[in-house]
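One structure below.
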There are 2 protein chains.
Amino acid sequence: MSDADDAFIRQSFDLIDGLDGLSDPLDVQKTIFDLVARCGFSYFAITRLPQPSDRLGPNLLLSVWPEGWLTHYDRVGHYRYDPVVRHCFRTTEPFSWNEAPLDPDTAPQARRVMEEAREHGMGAGYCVPIHDAHGFQGGISLAGERVEMTPRVRRAVHLLGLYAWSAAARTTSRRRKPGGRLLSARERDVLSCAAQGRTQEETADFLGVSVETVSTYLRNARTKIGTRNTTHTVIEALRLREITL
Amino acid sequence: MSDADDAFIRQSFDLIDGLDGLSDPLDVQKTIFDLVARCGFSYFAITRLPQPSDRLGPNLLLSVWPEGWLTHYDRVGHYRYDPVVRHCFRTTEPFSWNEAPLDPDTAPQARRVMEEAREHGMGAGYCVPIHDAHGFQGGISLAGERVEMTPRVRRAVHLLGLYAWSAAARTTSRRRKPGGRLLSARERDVLSCAAQGRTQEETADFLGVSVETVSTYLRNARTKIGTRNTTHTVIEALRLREITL
DNA sequence: GTCACCCTCCCGGTTTTCCGGGATACCGCG
DNA sequence: CGCGGTATCCCGGAAAACCGGGAGGGTGAC
């Protein structure tokens, strides 16, 4: 309720207002970092996540992160056990790192991740998970020696995280191009049809090609994604965002 | 940037701060409505959504809605064609009702929904979709004759919507009993297996039943959900949250 | 001007799923 | 005590999907 809070909130909104206009990811990074620093954090990272990957590096969008931490994190394979990452899959609410529960079966590894983070100057952190219509997409994490934010500042950070993430995803247009896609346009077409329950014949009709063509597309999609049948392929394509509902 | 905006934002944050303490849904409803009215809206609704339901009524959490609109909406079956609802499935970003795209195949029905809403005093609206780790969960819609909000107010409303929704969901403990589910446990099992690419035979092995049983489950699930084949059923079951990935 | 895709079509044979009948048994509700 | 729902199993024929080939034409890249 303090004036400091109000000032921070106003600045957050100012920043959010300004994000739309930015096109250089470094501008985004700098302005976000300024704000992040104002609430006591030393580091932050905005990252796309799940993806067929067990490393964080290739998925990082923007970050100001301790020297050597990322490479270490990836080399050791922390991604798989990081309780913060895991918790992101389950919740849409922002949370403090220490609130992330430890899975009983990977608790030792998880503790090690947190321990090593502490040694790198990140004794505490705050994470805003980002979900879209298909589930967990990524997140923004703030880190420092300690976290001390009023509930009100947390909420401002929550909102900031949502918009910062989309600005980061937009400006670092890593992928997104059809070149980055796995499937061809036609392959996506037939999978969309399949998802709607069409048979190959109906799909062929709908797309104005022969059944054999449709069959070929489905087969190619199967081998490309490495799936076992059409149902499996549709589900995976959905997860990979090759198609939408 | 105006003082009015700042005042609104401050009040939004005050309200959000206060939501945690409320346990009576009517208190939540009243305070939200006060705030909603301040940015020019006459109505609002907070609703849980997809669910095995083609009616909105049973899923409404809190609302201040025009007389007779809801019953009409449900009687006519608008839920299935409402472009605002449909758009909620695809996006996590708040949007104005007029930004919701019309699906080409249901455009006439969709236009009718919007037309009738207008006749009920809701010529414009603003919707904040709510998603959780499993996808679209519900939303909060504000409505009135016109929408005129500055970008900054929209963002405050966005944040407000997120917290109002969880407060509404928490206080109206309208729990969906497992009895409310459409499919039986076994039917869900076989669909999960199918989603992972298993054939009926493999599924039978996995579940320790005969292939015929698996086949029967799939068939029953098909007829229950009203789908055309396994792929279609899996997709729909996913949408209805009967199964998860 | 190859090379690599993509789009399109075709074939024959095999596997899988779908369809629409069954059947038995258990359980809870009224 | 039926009635409805679930869980389990069975059958035979029809339809659809899958498999592994082949093959021609287009386009863009190196």
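What you are looking at is a predicted structure, and each value in this text was computed from that prediction instead of being measured. First the proteins, then the strands, lettered A, B, ... as listed; each starts at 1.
- Checking B/H120 against B/Y43 by side-chain atom types alone, no donor-acceptor pair falls below 3.5 Å.
- In summary, B/K30 and B/D27 do not engage in a salt bridge, as defined by a charged side-chain N under 4.0 Å from a carboxylate O.
- For the residue pair A/D82 and A/Y73, a side-chain donor N or O sits within less than 3.5 Å of a side-chain acceptor on the partner.
- Remark: A/E236 engages A/R239 in a salt bridge, criterion side-chain N to carboxylate O under 4.0 Å.
- A distance-only check finds a donor-acceptor pair linking the side chain of A/R188 to the backbone of A/L183 [under 3.5 Å].
- The minimum heavy-atom distance linking A/P129 with A/F95 is given by the pair CG-CE2, 3.9 Å.
- Salt bridge A/R228/B/E202: present, at least one basic N to carboxylate O contact under 4.0 Å.
- The side-chain hydrogen bond (donor to acceptor under 3.5 Å, both in side chains) search around B/T227 returns B/T233, not counting sequence neighbours.
- For the helix from C/dG1-D/dC30 to C/dG30-D/dC1, the angle separating the two terminal helix axes comes to 50°, with each axis derived from five pairs and the value rounded to 10°.
- Using a cutoff of 4.0 Å between basic side-chain nitrogens and carboxylate oxygens, A/D205 and A/R198 are not scored as salt-bridged.
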Expected rows: protein N/O vs nucleotides 23-30 of chain D N/O, under 3.5 Å:
none

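- Under the 3.5 Å distance criterion, the side-chain polar atoms of A/T91 are left unmatched by any main-chain donor or acceptor of A/C88.
- Applying the salt bridge (Lys or Arg N to Asp or Glu O under 4.0 Å) test to B/E201 and every residue at least two apart in sequence or in another chain returns nothing.
- B/F206 CZ: 12 or fewer foreign heavy atoms inside a 6.0 Å radius.
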With sugar-phosphate taken as primed atoms, P, OP1 and OP2 and all else as base, the protein-contact string of nucleotides 11-20 of chain C at under 4.0 Å (heavy atoms; B, S, -) is -----SSSSB
What's touching nucleotides 3-7 of chain C from the protein side, N or O pairs under 3.5 Å?
residue : atom : partner : partner atom : Å
C/dC6   : OP2  : A/K224  : NZ           : 3.4
C/dC7   : OP2  : A/S184  : OG           : 2.4

